[in-house]
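All chains are named by letter (A, B, ...) in the order of the sequence lines, taking the proteins before the strands, and each is independently numbered beginning at 1. No hydrogens, no waters, no symmetry mates; every other heavy atom, side chains included, goes into these values.
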Amino acid sequence: MYAQMIKSEATADDPDKLKAFQARIDAGEKIEPKDWMPEGYRKTLIRQIGQHAHSEIVGQLPEGNWITRAPTLERKAILLAKVQDEAGHGLYLYCAAETLGVSRDEMTRMLLDGRMKYSSIFNYPTLTWADMGAVGWLVDGAAIMNQVPLQRTSYGPYARAMIRICKEESFHQRQGFDIMMKMANGTPAQRRMAQDALNRFWYPSLMMFGPSDKDSVHSTQSMRWRIKINTNDELRQKFVDQTVPQAEYLGLTVPDETLAWNEEKGGYDFAEPDWAEFYGVLKGNGPCNTDRIAARQKAWDDGTWVRDGLMAHAAKRKAAKAAAQ
Amino acid sequence: MSDPLFEFLLRQGDNTLILGHRISEWCGIAPAVEEDIALANTALDLIGQTQMWLGLAAEVEGAGRSADDLAFHRDVWDFRNLLLVEQPNGDFGHTIMRQFLFDAFQVPHLTALHNASDDRIAGIAAKSLKEAQYHLERSRETVIALGDGTEESNRRMQAALDRLWPYAGEMFLRDGVDDAMHESGIAADPASLRATWDDTVQTTLGEAMLTIPDSDFAQQGGKSGKRHSEHLGHLLATMQFLPRSYPDARW
Ligand SMILES: [Fe+2]
Ligand SMILES: [Fe+2]
Ligand SMILES: [Fe+2]
């Protein structure tokens, strides 16, 4: 049934229009909301931007887990500012997705009932303060790797959202690295926390680039449409090459015995993450999937009366204003 | 009594610290993304103000303690915040009502402080006042919107007001510390701020279709530190966990 749907969608689009559309993309033009676009392009973008927006929102939870336990006033302020940025990213991205004809409420419902996903990384728990360092350093670091090329993506509102977001993400990564430095150069207990955080977040961070190119289902068409600019493996390699020297600088050990510099390719050889675990987490069997969705569901349910109240008041105001005119 | 100036500064910094902490508990679970952002922003302002107030308190004390030492290494009886700000978040209505009742006090309080005879205090007050005015604008509008919104939102806002009302009066109680601050030209007599507060509260709650409880009973013991609520100890247990568990660590 699903396969049939895909097929009819693809054939529904007029071949001449498709050709002209592809020509615009190849010429580096931006596609804007009012422009004609193939249904598949629209759907793929909704999935990708929606998933990204949800990741920003769900991503508040593992860091929010430590805001109330931040060890200094300054660290608390920095973490609050970061999580506030992430909520802002979620908002820009929901707005970008809304230009494609899907509402934020609808996307939220799809997140809550499992039709839409968020990044698998947020299904891992944050257990010590060093995790706030590891998340900033590795998770925001990997997010930047993924997002910098998307500043040049073909869909205008998405590209513009990415430009704003990337500026803030690099600040997050620096803050995370700064926490790691303090931890790695701190007391034996802090050092131990730092190493443990790296051990737990290394492979989940590598998973953030998605499955290996040979197993990636959406890649070819997305690259033709410039919704995706680099392959998963290219970005993963870039991330490893950037991160390994930083770990060395911190005096921490990357939990990969096979890790070795390969002179010939000018990059590191490294072990792939456990893809069975990755698919398990996507299916809902990560350490925190249930907790994360339960937390978002509760926020949504508990917030219903507030959203309804605010809307009812706005409607009354509008009606009163209209009556006065 | 210890140095009244030190006590006074602790009161300022503890109010902003404890309220900022409470609001930060909302992270990631607010009713809408816009509220997540707004709450984080308020918490961030309050923590920033805390750094200034407790920083100055530590300096005035001159015992080699830092703002962080004061925040993370005092126990319940040494805290000097109002009982109002340590009350649990409850639902969003309680959180925003608590914020409104506090903001409506904080704006006239900081306005008076910003003419303080002590430049350091005047400076912190001036910077905090801009933020407090923005907080008041926002909490006031939200109280009105939710009070006026639906039957349910009105009922919840009324419940929040009824629950929190007994904690409002402590803001205007005057003691020896207040007298000393008033005499040295630093702060206004808190009782003198009541009329402005009443005015803001009455207009706002009127627009919000909410009924002000017919009682002037006021819980007290927060700003004097004599008797906090049970809630504060749990808040501190969370907030102070790391620096107390790892006293040798630098973060
Ligand atoms: Fe911000
Ligand atoms: Fe982000
Ligand atoms: Fe980030």
Does the A/Arg307 side chain pair with the main chain of B/Pro31, one donor and one acceptor, at a distance under 3.5 Å?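 Confirmed, A/Arg307 side chain pairs with B/Pro31 backbone.
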Donor-acceptor pair, B/Asp91 side chain versus A/Asp302 backbone, under 3.5 Å?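 Flag not set: sc B/Asp91 to bb A/Asp302 has no pair under 3.5 Å.
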Chain A heavy atoms under 4.5 Å from [X]: which part of the residue, side chain, backbone, both or neither?
X: B/Ala67; answer: both
X: B/Ile47; answer: side chain
X: B/Leu46; answer: neither
X: B/Ala38; answer: neither

Do you know which of A/Ala299, A/Gly64, A/Gly309 has the most heavy-atom pairs under 4.5 Å to chain B?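 Heavy-atom pairs under 4.5 Å are most numerous for A/Gly309.
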[X] versus chain B, the contacting section by heavy-atom distance below 4.5 Å:
X: A/Met311; answer: neither
X: A/Ile57; answer: side chain
X: A/Ala77; answer: both
X: A/Met132; answer: neither
X: A/Glu74; answer: both
X: A/Ala70; answer: backbone
X: A/Leu61; answer: side chain
X: A/Trp305; answer: both

Under 4.5 Å between any side-chain heavy atoms of [X] and [Y], yes or no?
X: B/Ile96; Y: A/Val306; answer: no
X: A/Lys76; Y: B/His21; answer: yes
X: A/His313; Y: B/Leu146; answer: no
X: B/Leu242; Y: A/Trp66; answer: yes
X: B/Trp251; Y: A/Gln190; answer: yes
X: A/Lys298; Y: B/Ile29; answer: no

Find the distance between [atom1] ([X]) and [atom2] ([Y]) and round it off to the nearest 0.5 Å.
X: A/Leu79; Y: B/Cys27; atom1: CG; atom2: SG; value: 7.5 Å
X: A/Arg69; Y: B/Ser24; atom1: CZ; atom2: OG; value: 11.5 Å
X: B/Asp68; Y: A/Thr72; atom1: CG; atom2: OG1; value: 5.0 Å
X: A/Leu310; Y: B/Asp148; atom1: CG; atom2: CG; value: 10.5 Å
X: B/Leu54; Y: A/Leu73; atom1: CG; atom2: CG; value: 6.5 Å
X: A/Ile67; Y: B/Glu25; atom1: CD1; atom2: CD; value: 11.0 Å

Mind checking which of residues 151-159 of chain B sit less than 4.5 Å from chain A, heavy atom to heavy atom? B/Glu152, B/Ser153, B/Arg156, B/Met157
If every non-hydrogen atom of [X] is compared with every non-hydrogen atom of [Y], which pair is closest and at what distance?
X: B/Ile37; Y: A/Leu91; value: CD1-CD2, 3.8 Å
X: B/Val33; Y: A/Ala87; value: CG1-O, 3.3 Å
X: A/Pro71; Y: B/Pro243; value: O-CG, 3.3 Å

Counting only heavy atoms not in [X] (residues, nucleotides, ligands), do more than 12 fall under 6.0 Å from its [atom1]?
X: B/His231; atom1: NE2; value: yes
X: A/Arg192; atom1: CZ; value: no
X: A/Lys316; atom1: NZ; value: yes

Neighbourhood of chain B inside residues 98-123 of chain A, taking heavy atoms under 4.5 Å as contact: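 Listed by number, the contacting residues are A/Arg104.
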Can you name the residues of residues 166-173 of chain A that have some heavy atom under 4.5 Å away from a heavy atom in chain B? none
Apply side-chain contact (heavy atoms from CB on, under 4.5 Å) to residues B/Phe241 and A/Thr68 and explain how you reach the verdict. CA-CA 10 Å; B/Phe241 147 71; A/Thr68 53; over 6 Å; no
Residue pair B/Glu141, A/Arg317: steps toward the salt bridge (charged side-chain N to carboxylate O under 4.0 Å, His left out) verdict: CA-CA 12 Å; B/Glu141 279 170 12; A/Arg317 276 265 160 106; over 6 Å; no
Checking B/Leu44 against A/Gln84 for the side-chain contact (heavy atoms from CB on, under 4.5 Å) test, could you report, in this order, the C-alpha distance in whole Å, the side-chain angles of both residues, the deciding distance, and whether it holds? CA-CA 9 Å; B/Leu44 193 53; A/Gln84 185 192 20; 3.7 Å; yes
Name the option with the most non-hydrogen atom pairs under 4.5 Å to chain A; the candidates are B/Gly147, B/Gly20, B/Ala145, B/Ala249.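 Top count of heavy-atom pairs under 4.5 Å with chain A: B/Ala145.
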Not counting sequence neighbours, which residues clear side-chain hydrogen bond (donor to acceptor under 3.5 Å, both in side chains) with A/Asp178? List them please. A/Arg75
